[in-house]
Amino acid sequence: MKRIIMMILRNLPLVPFAWCKLCWYASHVDRYTEEKRYALLKMIDGRANKGGNITIDAHGTENIPQQNGFIFYPNHQGLYDVLAIIQACPVPFSVVAKQEIGNIPFLKQVFACMKAFVIDREDIKQSMQVIINVTKEVKKGRNYLIFAEGTRSKKGNHPQEFKGGSFKAAMKAKCPVVPVALIDSYKSFDTGSVAPLTVQVHFLEPIPYEEYKDMKSTEIAAEVKRRIEETIKAYGGWEE
């Protein structure tokens, strides 16, 4: 919370303009291209990061597929995760957000601007419809981000179990799966510190459909988690 307050205070002259523009875009998404909406989010995100003493250290952007229509699968550390990936990722994407987060001010407008899908994990029918909708959108060439853990890890850089059901949309869309390793993202909002912070975002090599088509969803989940954990260990984020 302290860092969020610092982000706002250090950007006070910009806040009214940025907030109004974000709300306008969120309420009129069809008037603007996805690229223009994403550019606005990157601008706001960049200013917030600067005000909050956060540096994004991006790796592997060359691994992001050249052709749109793929799904990012990052480890989940907290509310800051999507903002870190927006700053690091050069191409627009949308997200599947859980219902609780989808109602938080600012994030609500960000997700609306991204045309995100909000999922109710307690409603199986609604969850299945979200998977169907994401599948259709990815087939049309939109990119998505899904947190396969379902909820944030309580152990910092140590991911929880990746749920196989999270990969159903990718399997149905027959699209590349792009693992994303986040390191120290949880320190942004969840530690109470405002000290300068570097958050690492690693885009790993995509897993093409041909490579995972004969695997079970649980096997894909385990493989994505394994690759992310290996990266976290290799870049100093793993603490025993």
Side-chain angles (χ1 to χ4, degrees), residues 34 38 56-77 81-82 84-98 114 116-117 119 127-128 130-153 157-185 199-238:
E34 188 163 41
Y38 191 67
I56 301 299
D57 183 17
H59 299 256
T61 53
E62 70 277 4
N63 289 325
I64 298 173
Q66 295 294 311
Q67 184 174 346
N68 288 326
F70 56 83
I71 302 179
F72 289 129
Y73 285 94
N75 53 313
H76 194 12
Q77 298 192 359
D81 296 347
V82 172
I85 296 171
I86 286 175
Q87 190 62 33
C89 184
V91 297
F93 65 92
S94 188
V95 301
V96 176
K98 60 183 181 180
M114 298 174 85
F117 288 111
I119 191 168
S127 298
M128 289 302 297
V130 168
I131 291 174
I132 292 171
N133 292 341
V134 170
T135 300
K136 290 179 179 178
E137 291 291 294
V138 172
K139 284 183 175 180
K140 291 178 182 178
R142 297 194 75 216
N143 310 315
Y144 272 81
L145 180 153
I146 298 176
F147 290 111
E149 293 164 87
T151 186
R152 75 181 78 174
S153 172
N157 290 321
H158 293 250
Q160 302 176 98
E161 178 186 358
F162 278 36
K163 296 177 173 60
S166 301
F167 293 86
K168 294 292 187 181
M171 297 171 75
K172 290 179 181 295
K174 300 181 180 181
C175 72
V177 164
V178 185
V180 182
L182 294 173
I183 300 177
D184 292 341
S185 179
V199 175
Q200 297 182 49
V201 180
H202 297 261
F203 299 99
L204 310 186
E205 288 190 16
I207 307 175
Y209 175 70
E210 291 71 25
E211 186 175 328
Y212 70 77
K213 65 180 181 180
D214 296 323
M215 298 170 66
K216 297 178 181 177
S217 61
T218 52
E219 293 173 332
I220 302 170
E223 176 62 17
V224 169
K225 181 186 177 186
R226 183 190 68 79
R227 295 187 186 194
I228 289 173
E229 286 183 335
E230 281 188 354
T231 302
I232 293 172
K233 291 176 182 177
Y235 283 85
W238 198 266

Not counting sequence neighbours, which residues clear side chain to side chain contact (heavy atoms under 4.5 Å, CB included) with [X]? List them please.
{"X": "A116", "answer": "S94, V95, F111"}
{"X": "T151", "answer": "K98, R121, Q160"}
{"X": "E161", "answer": "none"}

Can you list the residues that meet the salt bridge (Lys or Arg N to Asp or Glu O under 4.0 Å) rule with [X], with sequence neighbours excluded?
{"X": "K225", "answer": "E229"}
{"X": "K140", "answer": "E137"}
{"X": "E34", "answer": "R142"}
{"X": "E205", "answer": "none"}

Would you please indicate if the ring centroids of F72 and Y144 are separated by under 6.0 Å?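 No, ring centres 6.0 Å or more apart.
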Please walk me through it: do I85 and L145 pass side chain to side chain contact (heavy atoms under 4.5 Å, CB included)? CA-CA 10 Å; I85 296 171; L145 180 153; 3.4 Å; yes
Pairwise side chain to side chain donor-acceptor pair (under 3.5 Å) hits with a residue in residues 168-177, at least two apart: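 Side chain to side chain donor-acceptor pair (under 3.5 Å) check on residues 168-177 returns no pairs.
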Mind checking what makes ring pair (Phe, Tyr, Trp, His ring centres under 6.0 Å) contact with F162, not counting sequence neighbours?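 Not a single residue meets the ring pair (Phe, Tyr, Trp, His ring centres under 6.0 Å) criterion with F162.
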Would you please name every residue forming a ring pair (Phe, Tyr, Trp, His ring centres under 6.0 Å) with Y209, sequence neighbours left out?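 Ring pair (Phe, Tyr, Trp, His ring centres under 6.0 Å) list for Y209, sorted by chain: Y212.
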Verify the neighbour count for atom CD of Q67: are there more than 12 heavy atoms of other residues, nucleotides or ligands below 6.0 Å?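 At most 12 heavy atoms, drawn from other residues, nucleotides or ligands, come within 6.0 Å of this atom.
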Residues which pass side chain to side chain donor-acceptor pair (under 3.5 Å) with N143, listed by chain and number, not counting sequence neighbours: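 Partners of N143 by the side chain to side chain donor-acceptor pair (under 3.5 Å) criterion, ordered by chain and then number, come out as N68.
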Residue pair V178, N63: steps toward the side chain to side chain contact (heavy atoms under 4.5 Å, CB included) verdict: CA-CA 8 Å; V178 185; N63 289 325; 5.8 Å; no
Kindly state each residue pair satisfying salt bridge (Lys or Arg N to Asp or Glu O under 4.0 Å) with at least one member in residues 208-222, sequence neighbours excluded.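 Every pair satisfying salt bridge (Lys or Arg N to Asp or Glu O under 4.0 Å) with a residue in residues 208-222: E211-R227.
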Side chains of Q77 and N157: do they bring a donor and an acceptor to under 3.5 Å?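 A donor-acceptor contact under 3.5 Å links the two side chains.
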